Structures are given as C-alpha cells and as structure tokens.
Amino acid sequence: MSEQETAKPTAKTERSAAAKWSRRGFIGAGVLAGGALLIGVGVRPGNPVGKLKAKVAGGAGEELVNSWVKVGADNVVTAIIPHCEMGQGAHSVLAQMLADELDADWSKVEVMQAPADGSYIVSDAARMFVAPFTMNAADWIEPTWDGLFTQIGRLADVMITGGSSSIRTTGQYQMRIAGAAARKMLIGAAADEWGVPTSEITTRNSTLIHSGSGKSAPYSDFAAAAANQPMDSSPALKDPKDYRLMGKSKRRTDIPAKVMGKADFGIDANIPGVELSDLSYAAVRRAPVPGTKVTSMDAEAAKDMPGVQQILNMGSFIAVVADGYWNAQQALNTITAEYSASESPIKTTADQFAAFRDAIDAAGDDGGEQAASKGDAASAFADAATKLEAEYSAPFLAHAPMEPVNCTAWVRDTDDGAKCDIWTSTQVPLMARSAAAGALGMDDEDVTVHHPFLGGAFGRRLENDYVTMAVRVAKATGYPIKMIWSREEDTQKALYRPADVSRFKGGLDAGGRLVAYNNIFTQRHDPAEASVPGIYDIANTSVRVAEAPLHLPFSAWRSVDHSQQGFFIESFIDEAANAAGADPLEYRLSMLGANTARHKGVLEKVAEISNWSTPRGEGIGLGVAIIESFGTVGAEVIEVDMTSGRPKMLNVWAAMDAGYVMNPDGFRNQIEGGIVFGLTAAMYGEIELEDGAVKQSNFHDYQMLRMDETPAIEVAIINSGTVPIGGAGEPSTSPAAPALANAIFAASGKRLREMPFAKQFA
Amino acid sequence: MIEFTINGQATSLDADPNMPILWIVREKLGMTGTKFGCGIAACGACTVHLDGEPVRSCSTPLSAAEGRAITTIEGVAGEDGALSAVQQAWISEQVPQCGYCQSGQIMSATALLRDNPEPSDEDIDAAMSGNICRCGTYKRIRQAIKVAAGLETAQSEDEAQESAA
Amino acid sequence: MRKFIAAITAVSALSLAGCSGSEVQEPVEQIVVAEPGKAASATSGETGPEQIAEPEQPAE
C-alpha cells in the first residue's frame, strides 16, 4: 500500500453515490427499509482504472467511489462483493476479511453480489493484470487488433474473477481497507456524539463501546452519521494476532442454498414478469470448424416440429427458438446445413502436432523467441557427462463446467431508447456488457448484466462469445430468449487449453547435477514465468518459444500455461533425478536455487505427510512435483498402484504455502478440487480434431474423474507469513499430472511423456 | 393429460409425453433446482427420484411418470423446511463448490442411504460414480455420506479451524 | 500475469469479431413460424429491473 492518495469523499459524493445505488434498488427496496444506510468507501482512487473511468465519465466524483459495505437499521452488515461466486468461496471469504476489519458480528453479516457496474471494478486485480498491451501478437490474433482496442477502451470496466486473485488482491487491498475505514468512520461518529476521543472507543461484534463512560451502541445507531465522517483510505489494518475471522474456517454463506436447490445459476434465469413456462428458448449450432460460416441450411423439417417459433441463420451459427429448450434442440437436430471451407491447413490432431514439431524443427538450435537464458546451455549440453533428451506433449482441453454455456437476453425498444438485459454466468460481467453492447451497436449504459452464481467456469466464462450470440438472437426475435448450449455444443464449439509439444536437451555433470537445460515449445500465453524452471539452480538455461499455428482458439484454462509447462518441466526434472540415480524428492531439494525457503518447506512437509522415505510394496510407487504459481508454492506426492497393469491412484498428499490462508477449510476444498481437476486432465483429458472439427462431444468421450477413481487426498497448509499472499483456485492443478506420471514411472518404470495417460494402458 | 405427483403434490399436465422430465420440471413447473448437465444420462446432474428410485431426468420421458411420484431436490427437506440428514451433512462437511451438480449428488446419496443405511466405500463408489463433480468435491461427498449415515462425526465449524503447520 | 488479461480481452475481441465484426449483424435468414404469445406481450416495457440476489447468510 505505498502510493496511496488520500481519498476525501465529501458528504455530497457519499450521498450522490447512495442515490445512485438507491436507483439501482439497493436502498429502499424493502430489505433496507427502516433507515438502513450504505457506507460508501472510496478505495484507492489513484488507481489507473479509476482515472481512465473518470476521463470517460467526465470526472464525476461518484465514479471514483467504490463501495463495499452497508449497515442496516437492524445492525446487519452487508458486504457487497465485486467478485463472482463460481465455487471458489470468494463471496464468503471476502466478507470474512471485510467483517474482521470492521469488527462485525459474523452472525449478522450478509453477502451480496455487487451488480455489474463500474463502481465495482476490482481495481487491484486490474492493477495486477492490466497490461501496457504491448504483447507480441500471434498471427491468429492479429486481425482482431481493431476490435481489441475497442475492448481496451472499455477496460475501464474491469470486473473480473480469475487468476486466483480475489483474496490476494481485492480481499487484501480493497475489502479489508473498506472494513477498517468503515469502522474508523463509525468510531468517529460515536466520538463526536459522545464527546470522547476516538482513541477511547473500542469495537466488538458490531458494537461501539466506550468503557470509561459505560456507553455502548450498535453500529446501526451511528451508520448515518458515519457517512459524514472523513474517510481514511489507508487505515491501519489488523495484525494477524488480532484476527477474529481471518484465518478461521467460517462456513460458506452460499452453501445452504446450494444444498436446497435454491441457488440460482445463469441457466436458472427468471425474467421478472415472464413465467418460465412462457419464456422462449434458443438452441444453437455453430459452424463446426473454427472460422467457418453457415452457407445454407435446410430447415423444412424443423418448421413443423412442435413448439418452434423461429429458425435463424445467423451467419456463424444456426438458432432455433421454441417454447422450450427440448423442443428447440429437437428441431435444431433436424436441420442440415452447408458450411464454408476452412482456410486452416490443420484438419486432424496429427496435423496440429506436426505443425508444432515443424515449428520446433524450423527453430533449430537457436531460433525462436528466447523466453529465458542463463549461461551457455548449448555448450554445457555438449560438455555434459550425461545427456538427456526428451519430448513431451499435451493435448487440447475443454473446460467442461457442469453448467453448460447459456445466456438469457432481452433486447427491446423503450420510451428511453433501446435497452438490453442479459442474465448469464460470467467471470467478467462488465466485459459481457461491452460485448453485448458492441454486438448490438448500443451504449454500455443501455445494457444491464445480471450475473448469478456460476455452475463452474475454470476460465471458460472469461469469454463472451456466447453473450454476443444470445443478444443477436434476442435482437432478431424482439422478445426475450434463453439460449442454452447442448453439452455437445459446449464441448465442440468452445475455446480451448492449447495443445503443445515441448523438447528438452539436458545435461548432468559428473556429480549428477543438472547443469544444462535446453527447452523449446510453441505455446506461451500466461503466466510468462510458467515455462521457466526458476525455482531450480541450473547453471546454463535456454528456454525458447517457436511460433506455431493453433487450430482451435485459445482461452485460459485453470492454471493456464502451468497446466502444460508443469507437466513438461517437472517430468523432465524427474528424468534428470533418475539419470543421476537420486531420490526424486531429495534431488529437487538439492537443485533448489536462491530464495526457496518456501519450496524447501513444502517439499519437506509433503515428504513427511506422505511418509516418502517409507518403501511401498512391489508395483506401488510415489511421484512428486513442485510448482510455484499464482503466488503459492505447492508440492504434491501421489501414490499409484500399477500391479494390475493400469494406474490405480491410491493417495495424494499436498503441501501448500500461500503465505497466509484466510479460510483453511475453504482453501483445502480448493486444493482438493484443483487436484481432481489436474488428475482428470492427466488421466483422460483430450480434445482431438477430425476434419477440422472437435471429435469429442460429451462426457462419454470427454471423460471426467469420478468418485470410484478419486484417490484419498490430504492437504497440509503452511502459513509461512510470506506477503503478498498467494492464490488458492489454481495452484494445486498443475502439479497433479507430473506427480502422477512420476509415480507411474516409480511404480512401473514406464515413463509417460504424453498426456493423457489412461489410454496408454488400454 | 399426464397425472403424477411431484414432491407430494398431485399434478396433471397437458404436455408432450416424450419430453424428458428434466425440462418439464424446470420449464413447465418452474422448479430449477434440478440441473441440465449432459442430456445423455452421463453426468447425473439431473437426478430425481421416481417412486423413490434415482433416475436421470434428462433421459426419462414424462410418460414414465404417469401415475407415479417424482421427488426433486426441492422435495428433500421436510415439510417444515427442516433439512434432511444428507443436506445437513453437505453443510457440515462444506461439500459444494460451484454447487451445480450437488442437487443430483444429494438425490443419489439420499437414495443410497435409504436402501443401505451403512454403506461401505465400495457401496458409495457404486452408487455415486454416475454423478460427475467437475469441481472435484468427491472426497467431501464421500465423507458427508458417512456423516449422514452416522458412521462419522460431523465436522463442526470450530473443528475446521485448525490451520497451519 | 499482465498478458493474461490481454489474452482474455483479445479472445473476447476475437469472439466478437468472429460473430459480429463488432457491429450489428442481422440474421442471414429468419424464418418466423409462430409468435411466442405471452412472453412477447410481457416484453413491451421498461428497463429491466435490477435483480437483487437473495442475501447469503452464514449457515447455522
């Protein structure tokens, strides 16, 4: 919190902000009847996003006020959460952080999803993420720069949930400050009224206390007056020893509704005033090959199908609108169509991998972009006592969240001009708004985004392709439609974790130490450091990226580049350990470079909880991997039984150091889930190409790990105190595949260099 | 007209008998707790009970419900709103992440425990492996089933608070 | 990290470009078979009301 500017919102700006929310129904909508008051807290007005927004909005003061907390007349504290809830628990934990700094009574804290509004940009997540946009564009993206710059202009509206960032950015730098600042304002108001110094007032359980006079009052008594208090944008935050809620496994606030079937997801959208049974539904089919169009369709049979209302050829997709999703999909299934030819030379999985290998071959010994360089890796390899060469590969992957892609849209003319409302599960509500506005030729302000819970996302819902499709259909019909993708559409017409090939040439010195590390691959997206073996002290390193065409569009997939690079790097390190005749875990410890106390800590911890040094039976092996990602250092050990000839996973142990964990049970749930996600990809995950289209279609051929194959999982948390703290959602995913591959090698001697694994034991 | 009961309520509906129960329940009856996941009975998100037996409602036509009783997630709690033992265990073990699959998981687990009050791990595998959880909460689902069965003690909020090494 | 958001944005833009070229695209072909009835009559109207989610509360 260094370059703080002091925010001094006046009573006027506070009131104008409150008036704005009032228009949006936050106040006076019933829930707050009876004098409840919203406390607006300006947080870090100096952030660049805020400045940009101010320019765009003409410098209106209220646009700089981010507000996160309100206190009701019933003394209920409501935390308004700018992040989406997609299962990661951010709603609850962010509320915990705010409530702790506010000294709020947790039993009287409620959580509310912030609306998709510029007031709720996550400025610190933005600060971490937003680029100077000077990235070198790959060919496939180059034609979109015009569109991109349009988008960048709208990036003033960054409201994004991703990158394992909610707790470590918004939580640490916005919610805690909001809570502490609000507490200070309440104290100030009570001090004025009671005529005592602020230093003599303490707070506890949403109560202000002056012990000298014996006075005490609930926060609600001073909520109105507090809004007129000067606001401190850099209030003192609690020391960890004073935490009452942070670091505690408070139960999640969203879970009761989820066990009663009462939680609303995007697909459950209910348009006010329209009965679900009266709503129209759209089933869609995109052209099967990326970049191609529907050139003609034969919809004769579909016209006579029950419930059909409209049939549309939208150019890049066909839509059938009907009185229910089932009828829409059944009718769509009868439509035959012709599609334009793809310009991509890649038709099959083999073509795609050949393109990767061609690019790597073409780069030769020193071509491609240098991603990391240290010493002289080529000479060191030539001089090495032991040489290792290996090529690894990973396939395309779909995200496959359980809630299929869907979006409900309503585009209409009103006395106030054209308006659009959308209801959808999204990680980027404001970008969804921009996408809808752009597709409709409308202003952002005329589009309202309603975003309930997400039925999984994993990166898929960072994209707005489906929002654009839904609003275009709704524009054409003129009445609201709920567009739902079939699972087949969701699997085949999405955006994907890229496939890739990675080649290594490594050299060990006479003592077995890895001293030469030459690596080249083709896909680099984010994070940039994912491909660099930075935790290890390797004297000579060369990491290069050869540019290769990618047939399917890219999107971030849980852990992003770490999902492939983790497998490549940690498998290769394991091969080096084996070549050195060393224990793989001891070898990693011996290879750790500078500033790796946390890495040593997680390796030692995971060795302890897995009883690493205790020999297992014949055919049973342990494998280890360690990856630092999203600010968290994680090591995993997997125990696998190969006695049947096929891998049976018995146990997974994970030791995770995120610096400080805000909710241990919630963190464990994320780590457990991330491991299952990683093991699913390791065992089964594969999207293949046939005739330029995706071959897999549903869960029968795009398989998930299920209950009977899921190993026991034990998670150890290390609170090393490291700041800034790390993320929870992604760091456990990437170590799972290499730990499993290394365990299979330990158990059977079979080294797996291609993902996925299960089919290699058919 | 097709007559059936849903969550104890007698209902008659003039609807396409071939339409899967999933869409009848969600779109015609407005009960959205039952989820669409795959449409081919491969994921279990749409699981409901038909005369007490778990079925995949995405692949079960309305005609199959004629004269029978459908129970959805909305009908699992008692009439007084009291959560079932399974639902309570799902809370104490903090099972759900995104929660989208959990209606189906709870319907499968409820049927399992009614037929088999003290299931073994193998029994749990057999009954629950038709339900996919993309968030990967299987460990907690297993534990919650054991808690609901009384085979394990529920995790209290305080017990979950031990934290660091 | 920084490229992450840029990539996200770029892909969003790509999607936009792919679907619409970031300008309004009318259907190539639109076949109206039937009117939706009640839903349509419910749609002449004003700006969609802000939908406020039920507040979440800690479970007890």
Side-chain angles (χ1 to χ4, degrees), chain A residues 86-89 247-252 254-256 258-265 267-268 275-277 281 306 324-326 400-404 453-456 484 486-487 605 661 664-666 669 672-677 698-700 704-708 710 712-713 716-719, chain B residues 16 19-20 22-23 26-40 42-43 45 72-74 76-77 83 86-87 90-91 94-103 106 124-126 128-142 155 157 160-165:
Chain A
M86 49 192 187
Q88 83 284 34
K248 303 288 195 294
S249 295
K250 307 313 291 183
R251 285 179 175 172
R252 270 172 45 191
D254 56 324
I255 285 182
K258 288 177 175 176
V259 306
M260 293 187 277
K262 290 182 177 174
D264 276 342
F265 298 84
I267 201 169
D268 303 323
E275 293 292 324
L276 274 175
S277 54
Y281 294 78
Y325 169 72
W326 171 255
M402 291 308 294
E403 179 192 6
F453 290 132
L454 287 67
I484 301 173
S486 66
R487 176 58 60 186
K605 186 71 188 176
V661 166
D665 190 61
N669 204 348
E672 292 160 9
I675 288 168
V676 172
F677 205 86
N698 204 319
F699 292 124
H700 67 288
M704 303 287 129
L705 212 62
R706 293 168 183 265
M707 175 70 86
D708 57 348
T710 299
I713 303 173
I717 294 170
I718 298 178
N719 279 342
Chain B
D16 179 356
M19 189 176 289
L22 170 65
W23 303 108
R26 286 184 56 84
E27 296 177 358
K28 306 306 171 198
L29 303 176
M31 301 166 75
T32 54
T34 304
K35 301 305 186 193
F36 168 50
C38 68
I40 60 167
C43 79
T72 69
I73 185 69
E74 289 91 346
V76 169
L83 298 186
V86 171
Q87 287 172 311
W90 247 245
I91 292 174
Q94 293 284 283
V95 172
Q97 288 188 25
C98 87
Y100 192 82
C101 75
Q102 298 294 349
S103 296
I106 288 170
I124 293 173
D125 285 346
M128 301 302 296
S129 289
N131 290 77
I132 293 172
C133 174
R134 184 63 165 144
C135 298
T137 64
Y138 301 117
K139 170 187 169 175
R140 285 165 188 255
I141 291 170
R142 182 186 300 281
Q155 168 180 266
E157 200 163 358
Q161 290 187 9
E162 51 71 43
S163 58

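This structure is a prediction, so every number in the text was calculated from the model and none was measured. So you know, we letter chains A, B, ... as the sequences are listed, proteins then strands, and number each from 1.
- Of the atoms belonging to A/L454, it is backbone heavy atoms, and not side-chain ones, that fall under 4.5 Å from chain B.
- Using modelled atom types, one finds a donor on one side chain and an acceptor on the other under 3.5 Å when comparing B/E74 with B/T72.
- Ranked by heavy-atom pairs shorter than 4.5 Å toward chain B, the options A/G674, A/P306, A/G261 are led by A/G261.
- Considering all non-hydrogen atoms of both residues, A/M402 and B/C101 come closest at CG-CB, 4.4 Å.
- Using modelled atom types, no side-chain atom of A/N669 and backbone atom of B/Q97 make a donor-acceptor pair closer than 3.5 Å.
- Within the 4.5 angstrom heavy-atom criterion, no atom of B/L22 approaches chain A.
- Of the residues considered (A/N698, A/T710, A/V676), A/N698 shows the highest number of contacts with chain B, using heavy-atom pairs under 4.5 Å.
- Between chain A and the residues B/M19, B/R140, B/R26, the largest count of heavy-atom pairs under 4.5 Å involves B/R140.
- B/I132 touches chain A through backbone and side chain together, each having a heavy atom under 4.5 Å away.
- In this structure, the portions of A/E672 lying under 4.5 Å from any heavy atom of chain B include both its backbone and its side chain.
- The two residues B/I91 and B/L83 make their nearest non-hydrogen contact at CD1-CD1, 3.5 Å.
- Counting heavy-atom pairs closer than 4.5 Å to chain A, the top residue among B/C98, B/G136, B/G99 is B/C98.
- For B/V95, the part sitting under 4.5 Å from any heavy atom of chain A is the backbone (N, CA, C, O) and nothing else.
- Of the residues considered (A/G455, A/P401, A/G666), A/G455 shows the highest number of contacts with chain B, using heavy-atom pairs under 4.5 Å.
- The existence of a salt bridge linking A/D665 and A/R252 is excluded, since no basic side-chain nitrogen approaches an acidic carboxylate oxygen closer than 4.0 Å.
- With rounding to the nearest 0.5 Å, the separation of OH in A/Y325 from CD in B/E27 is 9.5 Å.
- The minimum heavy-atom distance between A/A263 and A/K258, with the atom names listed, is CB-CG, 3.7 Å.
- With a threshold of 4.5 angstrom between heavy atoms, B/W23 approaches chain A through side-chain atoms but not through N, CA, C or O.
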Under 3.5 Å donor-acceptor pairs involving side-chain atoms of residues 29-36 of chain B, not counting sequence neighbours:
from: B/K35; atom 1: NZ; to: A/D268; atom 2: OD1; distance (Å): 3.1
from: B/K35; atom 1: NZ; to: A/D268; atom 2: OD2; distance (Å): 2.4
from: B/K35; atom 1: NZ; to: B/T32; atom 2: O; distance (Å): 2.7

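- Atom CZ of A/R706 is separated from atom SG of B/C133 by 11.5 Å, given to the nearest 0.5 angstrom.
- Among B/A42, B/P96, B/C135, the residue making the largest number of heavy-atom pairs under 4.5 Å with chain A is B/P96.
- In this structure, chain B has a heavy atom under 4.5 Å from the side chain of A/I484, while its backbone stays farther away.
- Proximity to chain B involves both the backbone and the side chain of A/V259, based on heavy atoms less than 4.5 angstrom apart.
- Using modelled atom types and a 3.5 Å distance limit, the side chains of B/T137 and B/Q102 yield a donor-acceptor pair.
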| task | Report the C-alpha distance between B/Y138 and B/S129 in whole Å, list the side-chain angles of each, state the deciding distance to 0.1 Å, and finish with yes or no for side-chain contact (heavy atoms from CB on, under 4.5 Å). | result | CA-CA 9 Å; B/Y138 301 117; B/S129 289; over 6 Å; no

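- Only the backbone of A/M86 comes within contact range of chain B, judged by heavy atoms closer than 4.5 Å.
- Here A/I267 is the residue among A/I713, A/D264, A/I267 with the most heavy-atom pairs under 4.5 Å with chain B.
- When A/A712, A/S486, A/A400, A/G456 are compared by the number of non-hydrogen pairs under 4.5 Å with chain B, A/A400 comes out ahead.
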